[in-house]
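In what follows, a structure is listed as structure tokens, so that the remarks can point back to it.
Every heavy atom of this structure was used, including side-chain atoms; hydrogens, water molecules and symmetry mates were not.
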Amino acid sequence: MSESEPHDVVIAGAGPAGAQCAQDLATRGYDVVVLETEAEAEFPRASNKSTAGTFPSTMTTFGIPDDVVMHYTDDVVIESPNNAYKYGQTGAVLEFADFKNWLVDEGRAEGAEYRFDARVTKPLMEGGEIAGVVYNGDEEVRGDVVIDATGPSAPLARKLGVVDLERQNQAIGIEYEFSGVDTNADGYADVTDAMMLRLDHDIAPGGYSWIFHTGEDTAKVGVCYLQNEAHTGNAREGFTIDDYLDYWLDTDPRFENAERIEGKQHRGSAHIQMPSSLSTDNFMAIGDTVPTLDPLWGEGIDKCMRSGRAAAATADSCLTHRSRDTSAEHMAVYDRLWNRDVAPDMRKRLVMTELLYLSSNDRYDALISDLNGNGNEIAQNANRGKLWSMLHLLKREDVPVLARYAELQLKRRFDFL
């Protein structure tokens, strides 16, 4: 069944990127419809995949209310197998389901329409350009601008060939919420009121693990790794992502008395790579469809919401044009905003991420020592992809890692050709 009258904007996906984009556009008076795969009564269930740690700048920028915060934190801790670095950085661990439902409610209050149980399967094409989407088999909805905010599934971006979906560096993760966690165990950094990330190939080969304190003796505990060369070289034979989390829980005394909280399990995946493009005629890909990250502490919520806001600003610009110009040339404003505001220095940050995961556990211990000696500024600037700070953290013993990275880049280029 086809709807004859097009909406101003059709958004596939009601995650942080899609929902923020919908709210911003509805606030400006546009006719916006959001299509979400999950049933409203269960939302968010399968899509509830984030550790949900964020910082005051994000809370303030997007007006996130206190009532979706599980716990406010005072510190960020980075652990290696035998060392730890702690610095004062206030943050907030969100109850991700409440947060996502808040975004939906805010969008609806501004006039955005939400359709749940609506699985988008492909673009609706007319004259060689996208004119809407097809969902639930044969249902159609039209829009002057169409936005893919579906994350790694990316049914619209894939069919349109907008982003490079070779999908290198697939990241997969699992997280449980626990009670009975000892956040100040002997021999470990005090992670009370902290968000802790651990670099340790024994627990997360080619990735990291985490403890996010959520108050009293409760915490979010999880593991994530990239299925890359670093994972292949350090992985235990036959181990799945669940096995690594179980191994950590069994061997770390902080979890000796920990018990899983029923119903609080989250899984997710993403593909971390530099996108070739993000938009075309009448179309943009946002959020985890074209994911970005900070090397040391991720901050995916902020990146997704900034992506949604950049897309809303782009659509506003195109739709207020005298002739409603949604050509690729005008939609490319989004690409520029993404590279400036969402993922500045993305290529350098991606290089640092890959070098980080190619390093050894011994090198992680040395890195933490350097961070303890150099203070917060070096770590924060390196995390943002600032070249001088990244070079400051390199040492002579990193030459083999740099050579390995160069070798892998050449291999990828020849494989691509």
Output the distance between atom [atom1] ([X]) and atom [atom2] ([Y]), rounded to the nearest 0.5 Å.
X	Y	atom1	atom2	answer
I301	I64	CD1	CD1	6.5 Å
F283	I130	CZ	CD1	5.5 Å
K100	E38	NZ	CD	6.5 Å
L35	I147	CG	CD1	11.5 Å
I174	L245	CD1	CG	5.5 Å
I211	E175	CD1	CD	11.5 Å

| query | Going through the checks in order, is the side-chain hydrogen bond (donor to acceptor under 3.5 Å, both in side chains) test met by S57 and T61? | reply | CA-CA 6 Å; S57 58; T61 298; 5.7 Å; no
Check whether any side-chain heavy atom of [X] lies under 4.5 Å from a side-chain heavy atom of [Y], and answer yes or no.
X	Y	result
R306	F62	yes
L197	F212	yes
E36	V104	no
F116	E42	no
L367	S359	no
V181	F255	yes
T314	M284	yes
D202	P81	no

| message | Before you tell me yes or no, could you show the steps for V76 and Q89 under side-chain contact (heavy atoms from CB on, under 4.5 Å), namely the whole-Å CA-CA distance, both residues' side-chain angles and the distance that decides it to 0.1 Å? | response | CA-CA 6 Å; V76 168; Q89 168 66 65; 4.0 Å; yes
Indicate the atoms forming the closest heavy-atom contact of [X] with [Y], along with that distance.
X	Y	answer
V120	A12	CG2-CB, 3.8 Å
A285	Y334	O-OH, 2.9 Å
A310	V342	CB-CG2, 4.4 Å
L103	Y114	O-OH, 4.3 Å
P44	A97	CG-CA, 3.5 Å
L319	Y30	CB-CE2, 3.7 Å

Please determine whether a side-chain nitrogen of the Lys or Arg among [X] and [Y] lies less than 4.0 Å from a carboxylate oxygen of the Asp or Glu.
X	Y	result
E95	K220	no
D193	K86	no
R236	D243	no
R324	D8	yes

| request: Please assess D325 against S327 for the test side-chain hydrogen bond (donor to acceptor under 3.5 Å, both in side chains), listing each intermediate value before the final yes or no. | output: CA-CA 6 Å; D325 191 340; S327 65; 2.8 Å; yes
| query | What's the verdict on side-chain contact (heavy atoms from CB on, under 4.5 Å) for L249 and R260, showing C-alpha distance, side-chain angles and the deciding distance? | reply | CA-CA 11 Å; L249 294 170; R260 293 177 181 177; 3.8 Å; yes
| message | As a test of understanding, state which of V146, V10, V134 forms a side-chain contact (heavy atoms from CB on, under 4.5 Å) with L156. | response |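 Of all the options given, the one that passes is V146.
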| Audit row: H201, Y364, ring-ring contact (aromatic ring centres under 6.0 Å, His included) steps and yes/no | CA-CA 10 Å; H201 289 303; Y364 290 153; 5.2 Å; yes
Judged by atom type as modelled, is there a donor-acceptor pair below 3.5 Å linking the side chain of [X] to the main-chain atoms of [Y]?
X	Y	answer
D335	S277	no
D117	E40	no
R309	Q20	no

| Restricting to pairs with a member in residues 119-128, which pass salt bridge (charged side-chain N to carboxylate O under 4.0 Å, His left out), not counting sequence neighbours? |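 Found E126-R142.
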| message | Ignoring hydrogens and geometry beyond distance, is a side-chain donor-acceptor pair present between N282 and D144 at under 3.5 Å? | response |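 The criterion, which ignores hydrogens and geometry beyond distance, is not satisfied for D144 and N282.
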| message | If we count only N and O atoms by modelled type, under 3.5 Å, do the side chains of D66 and Y72 hold a donor and an acceptor together? | response |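 Their side chains do contain a donor-acceptor pair, which is all the 3.5 Å distance test asks for.
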| task | Have a look at F239 and tell me which of Y225, W248, Y244 forms a ring-ring contact (aromatic ring centres under 6.0 Å, His included) with it. | result |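 Filter result, single survivor: Y244.
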| request: Walk me through it: do S369 and N83 pass the test side-chain hydrogen bond (donor to acceptor under 3.5 Å, both in side chains)? | output: CA-CA 7 Å; S369 294; N83 212 339; 3.1 Å; yes
| message | Applying side-chain hydrogen bond (donor to acceptor under 3.5 Å, both in side chains) to T27 and D24, what does each step give before you reach the verdict? | response | CA-CA 5 Å; T27 300; D24 284 356; 5.4 Å; no
| message | Under the criterion side-chain contact (heavy atoms from CB on, under 4.5 Å), I'd like the reasoning laid out for I368 against E79: C-alpha separation, chi angles, the key distance, then a yes or no. | response | CA-CA 7 Å; I368 300 303; E79 280 188 357; over 6 Å; no
| Which word best sums up how the rings of F99 and W102 line up, parallel for under 30°, tilted for 30 to 60°, or perpendicular for over 60°? |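 Geometry flag for W102 against F99: parallel rings.
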| request: Step by step, work out the salt bridge (Lys or Arg N to Asp or Glu O under 4.0 Å) result for D148 and K159. | output: CA-CA 11 Å; D148 191 336; K159 296 285 176 57; over 6 Å; no
| Relative to Y135, does R115 satisfy both conditions: NZ or CZ under 6.0 angstrom from the six-membered ring centre, and within 45 degrees of the ring's axis? |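 No, R115 and Y135 do not form such a contact.
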| query | Between M196 and T183, is a side-chain contact (heavy atoms from CB on, under 4.5 Å) present by the stated rule, with each step listed? | reply | CA-CA 10 Å; M196 184 279 280; T183 59; over 6 Å; no
